[in-house]
Amino acid sequence: MSKFAQGPWIFDDEYIFTANRGMMIAEVMAVREKEFNANGRLIATAPDMYNFIKKVAIWAHYYLDSRFVNLFQEAQELLARIDGEEEKHE
């Protein structure tokens, strides 16, 4: 079991919260607004990225099978969220 607050996390204004807003995870700061938003999205996807990496590690252990397509799609969705393009990919 991981030791961090379980996801999902959300980026709202300048803070990262657990999805139910029960806990503030972080305050995001940056000099440029573009970096500010990108940093917030990246931090908010941390639990999902952690879980994805765990899945990839398990998959790699057992080699390629039918789950490969789903893992690839999940990777693309996570990258879209980090890049702030989730609306374009849904």
Nearest non-hydrogen partners of Pro47 and Ala5, listed with the distance:
CG-O, 4.5 Å
Out of Met29, Glu14, Arg41, which one pairs with Phe36 under the side chain to side chain contact (heavy atoms under 4.5 Å, CB included) rule?
Glu14
Applying the 4.5 Å side-chain criterion to the ILVMFWY set and letting contacts propagate, would Tyr50 and Ile10 be lumped into a single cluster?
no
Could you check if a side-chain atom of Met49 sits within less than 4.5 angstrom of a side-chain atom of Leu42, using non-hydrogen atoms only?
yes
Under 3.5 Å, is there a donor-acceptor pair between the side chain of Thr18 and the main chain of Met23?
yes
Value rounded to 0.5 Å, distance of CG in Asn39 from NZ in Lys34:
12.0 Å
What is the minimum heavy-atom distance between Ile16 and Gly40, and which atoms define it?
CD1-O, 3.3 Å
Got more than 12 heavy atoms from elsewhere within 6.0 Å of CE, Met24?
yes
To check you understand the geometry: which heavy-atom pair defines the closest contact between Tyr15 and Glu27, and what is its length?
CE2-CG, 3.7 Å
Positive for side chain to side chain contact (heavy atoms under 4.5 Å, CB included) with Phe11, one of Asn37, Ile25, Ile43
Asn37
